[in-house]
Amino acid sequence: MRRVVIIGGGISGLAAANRLIERHSETGEAIQLTLLEADPRVGGVIRSEPRDGFLLEGGPDSFISEKPQALALAKRLGLESQLIETNSEYRRSFIVRGGSLRPVPEGFHLLAPSLIWPFLTSDILSPLGKARMALDLFLPRNSSNGDESLANFVRRRLGREALERVAQPMIGGIYTADPELLSLRATMPRFLEMEQQHRSLIRAMWKNRPGRSPTVREGSSKSLGAREGSGTSGARYSLFLSFEQGMQTIVDRLTERISNFKSQISDFRSQISDSTAAVGPTIQLNTKVEALAFAEDAAPERSQQGVTFQEGSEKRWRIRTSAGKTIVADAVCLALPAFAAARLLRNVDPQLATQLEAIPYASTATVNLAYKRGDVSHPLNGFGFVVPFIERRTVMACTFSSVKFSGRAPEGYALLRAFVGGALQPEMFELEEEEMVRQVRADLRELLGIEKPPLFTQIAKWPNSMPQYHVGHIERMKRIEQLVSTLPGLALVGNAYTGPGIPDCIRSGESAADLIGI
């Protein structure tokens with residue numbers, strides 16, 4: 001019998017638990033599984049809530065199908081029929097400049113254009129800024145193989161205006177990060193590959209522009225979330241998927257499956273020396289872990305052919321909960337923010353804890369606002385807008401939720417979702433909710449022409465929720481992985497390590513389960 005305890009019930013921890021159950025079904029491995037969550041619910045920042053005919057997302061509203069782990073998990077859970085794509089009619093976005101929304105030119109994806117004419121006729125950059133971007137066609141490759149920040153890379157290849165007006169809001173916004181500190185190698189390595197392979201980013205984008213890639217056959221196994229239409233700009237919106245009833249769908253299905261798993265307890269209590277070991281439901285909510293230890297555990301006596309003898313001792317993990325109970329486990333998966341994992345590991349491995357504490361975090365808030373469609377003068381003919389930091393506004397981005405996905409608002413109504421905070425504007429996150437709504441509404445009044453108050457607002461605040469992949473992150477991860485490898489049965493999973501998106505978190509959880517489930 002192998003007992004595994006997962007600490008943390010976000011999508012990473014749920015994915016790890018589900019993978020252990022899949023392994024049990026595939027191989028018959030005998031495991032006892034326990035997932036501990038400090039909050040009264042699992043799912044972490046994933047939270048979908050119906051309200052008055054609207055569907056509100058408190059956290060992520062979609063996942064990207066280009067990274068296959070989330071889509072593959074949804075299919076294994078039987079959720080494929082509930083998947084929905086973005087609205088194919090409005091797959092474009094806007095950037096704020098001078099207090100108005102300017103369309104991102106067709107074929108412009110994150111940093112560089114794949115189509116020339118739409119870019120030349122766009123007003124997101126000045127003529128001088130466009131000319132500086134064009135120099136990318138003639139600049140040499142960077143000879144250095146060292147890590148560099150997003151800001152340095154964009155200034156070097158495309159110029160300062162491209163950084164301030166495009167790269168910072170579009171890429172920095174994904175990570176809610178300061179581009180001066182954000183590691184390009186850890187976040188957007190494909191742009192470094194473009195430079196090395198094609199010398200010019202613009203040249204690379206041209207060669208991979210829509211129409212040059214092999215077409216995807218309609219109805220094929222790869223067609224879902226892979227059809228790129230004309231007129232798209234900004235992110236590759238054809239790759240974004242969600243569920244009819246919101247992202248909570250995958251959390252609910254995972255919770256149901258894990259809760260119904262019957263651990264093979266056997267005579268587990270007799271196998272451990274700690275009489276206070278807690279055996280309970282597979283998922284235990286409102287259960288905060290207070291301490292973690294990795295210590296020798298005197299093995300019990302056992303009999304063989306009438307002779308009683310003492311087995312050799314071995315190290316096991318001991319988890320003490322807020323309820324005063326102790327769980328003894330063979331393996332522990334910490335599905336926690338890096339700073340929370342560091343707190344638990346301080347007495348186990350101080351060096352590892354120090355490395356984890358060095359990963360910084362930013363705080364963000366989402367503000368859902370519901371309106372009558374007639375109260376919004378903007379045509380909402382896109383999926384939303386991003387705001388460059390130099391515009392000095394409260395809102396750093398806004399999604400037109402009722403346009404992006406179907407079923408998010410009743411007919412004749414609109415649902416908007418504003419984002420506040422991040423690494424560049426931590427003071428905005430600290431605003432009282434009433435003041436935050438007031439300032440968000442002031443921005444939307446000027447940018448979208450909304451004079452009337454919303455039907456309702458709903459705020460979700462996520463303190464220290466976004467890890468910051470600073471320059472040197474990859475090297476730090478190598479040190480962390482080396483230290484973890486010296487502690488048998490320990491795994492670290494979550495958005496702080498190898499990617500912040502939902503597919504990244506699922507991949508980390510499943511990989512950890514395959515490792516510690518052995």
Side-chain angles (χ1 to χ4, degrees), residues 51-58 61-62 86-106 108 118 121-125 165-166 169-170 173 229-235 237 240 365-421 425 428 431 433-460:
R51 178 173 175 179
D52 300 336
F54 294 84
L55 182 60
L56 312 179
E57 296 281 17
D61 67 352
S62 58
T86 56
N87 184 342
S88 60
E89 186 178 355
Y90 295 116
R91 284 176 177 166
R92 67 170 183 169
S93 56
F94 303 89
I95 296 179
V96 173
R97 184 182 179 105
S100 64
L101 271 58
R102 316 293 178 93
V104 177
E106 179 182 350
F108 195 106
T121 57
S122 167
D123 58 358
I124 61 169
L125 294 177
R165 289 290 174 185
V166 180
M170 294 187 74
S230 62
T232 61
S233 68
Y237 287 115
F240 286 79
T366 59
V367 184
N368 279 282
L369 305 100
Y371 293 96
K372 292 181 179 179
R373 182 62 185 86
D375 292 342
V376 183
S377 61
H378 191 275
L380 300 183
N381 52 347
F383 287 167
F385 62 85
V386 293
V387 184
F389 176 68
I390 57 175
E391 291 283 325
R392 300 293 179 178
R393 293 188 175 272
T394 300
V395 172
M396 62 179 176
C398 180
T399 299
F400 306 158
S401 300
S402 52
V403 177
K404 186 176 180 181
F405 287 109
S406 62
R408 272 41 184 175
E411 186 71 26
Y413 292 83
L415 180 64
L416 309 179
R417 195 165 73 125
F419 298 84
V420 176
Q425 296 176 292
M428 298 301 178
L431 293 173
E433 291 193 3
E434 184 177 346
E435 178 62 16
M436 184 181 292
V437 169
R438 189 192 69 79
Q439 294 196 29
V440 167
R441 287 188 57 201
D443 281 347
L444 298 184
R445 182 183 306 113
E446 295 182 27
L447 299 174
L448 300 178
I450 306 175
E451 296 291 343
K452 293 187 177 180
L455 301 174
F456 64 82
T457 62
Q458 184 163 306
I459 296 177

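Keep in mind the model is a prediction, meaning the values are calculated, not measured.
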When rounded to the nearest 0.5 Å, the distance separating CZ of R165 from CZ of R102 is 8.5 Å
CZ-CG distance between R417 and D61, expressed to the nearest 0.5 angstrom = 4.5 Å
Describe, in one word, how the ring planes of F94 and H378 are oriented to each other, choosing from parallel (under 30°), tilted (30 to 60°) and perpendicular (over 60°).
-> perpendicular
Just by distance, do the side chain of S402 and the backbone of A414 share a donor-acceptor pair under 3.5 Å?
-> no
What's the verdict on side chain to side chain contact (heavy atoms under 4.5 Å, CB included) for M428 and Q439, showing C-alpha distance, side-chain angles and the deciding distance?
-> CA-CA 9 Å; M428 298 301 178; Q439 294 196 29; 4.0 Å; yes
Kindly give the heavy-atom pair with the smallest separation between R97 and D123, and that separation in Å.
-> CD-O, 3.6 Å
Rounded to the nearest 0.5 Å, how far does OG of S401 lie from CG of N368?
-> 6.0 Å
Check: S377 side chain, G449 main-chain N or O, donor-acceptor pair, under 3.5 Å | yes
Considering all heavy atoms of both residues, which atom of P103 and which atom of I124 are nearest to each other, and what is their separation?
-> O-CG2, 3.6 Å
What's the spacing between D443 CG and M396 CE if we round to 0.5 Å?
-> 12.5 Å
For the pair F54 and Y413, name the ring-plane relationship: parallel under 30°, tilted 30 to 60°, perpendicular over 60°.
-> perpendicular
Between CZ of F419 and SG of C398, what distance do you get to the nearest 0.5 Å?
-> 8.0 Å
Report the C-alpha distance between N381 and F400 in whole Å, list the side-chain angles of each, state the deciding distance to 0.1 Å, and finish with yes or no for side chain to side chain contact (heavy atoms under 4.5 Å, CB included).
-> CA-CA 9 Å; N381 52 347; F400 306 158; 5.9 Å; no
Note, Y90 side chain near L380 side chain (heavy atom, < 4.5 Å) | no
What closest approach, in Å, do E446 and R393 show between heavy atoms, and which atom pair accounts for it?
-> OE1-NH2, 3.0 Å
May I ask you to test the T366-E57 pair for a side-chain heavy-atom distance under 4.5 Å?
-> no
Minimum heavy-atom distance between P118 and T121, given as atom pair plus value = O-OG1, 3.3 Å
N/O donor-acceptor pair under 3.5 Å between R438 side chain and R441 backbone = no
Can you name the closest pair of heavy atoms from L55 and G407 and give their distance?
-> CB-O, 3.9 Å
Give a yes-or-no answer on whether the side chains of T86 and R91 include a donor-acceptor pair shorter than 3.5 Å.
-> yes
Flag this pair as yes if the NZ/CZ of R392 is under 6.0 angstrom from the six-membered ring centre of F389 and inside a 45 degree cone about the axis; otherwise no.
-> yes
Which atom pair, heavy atoms only, marks the closest approach of G58 to A460?
-> O-CB, 3.7 Å
Sole residue of I95, V386, V96 in side chain to side chain contact (heavy atoms under 4.5 Å, CB included) with E391 | V96
Tell me, please, whether F456 has R51 positioned over its six-membered ring: NZ or CZ under 6.0 Å from the ring centre and within 45 degrees of its axis?
-> yes
L447 side chain reached by F385 side chain, heavy atoms, under 4.5 Å | yes
Trace of the side chain to side chain contact (heavy atoms under 4.5 Å, CB included) decision for L416 with T399 = CA-CA 6 Å; L416 309 179; T399 299; over 6 Å; no
Going through the checks in order, is the side chain to side chain contact (heavy atoms under 4.5 Å, CB included) test met by L455 and Y371?
-> CA-CA 6 Å; L455 301 174; Y371 293 96; 5.6 Å; no
Under 3.5 Å, side chain of Q458 to main-chain N/O of L369, donor-acceptor pair present?
-> no
Answer yes or no: is there a donor N or O on one side and an acceptor on the other, between the side chain of R408 and the main chain of S406, under 3.5 Å?
-> yes
Spacing of L444 atom CG and T394 atom OG1 [to the nearest 0.5 Å] = 10.0 Å
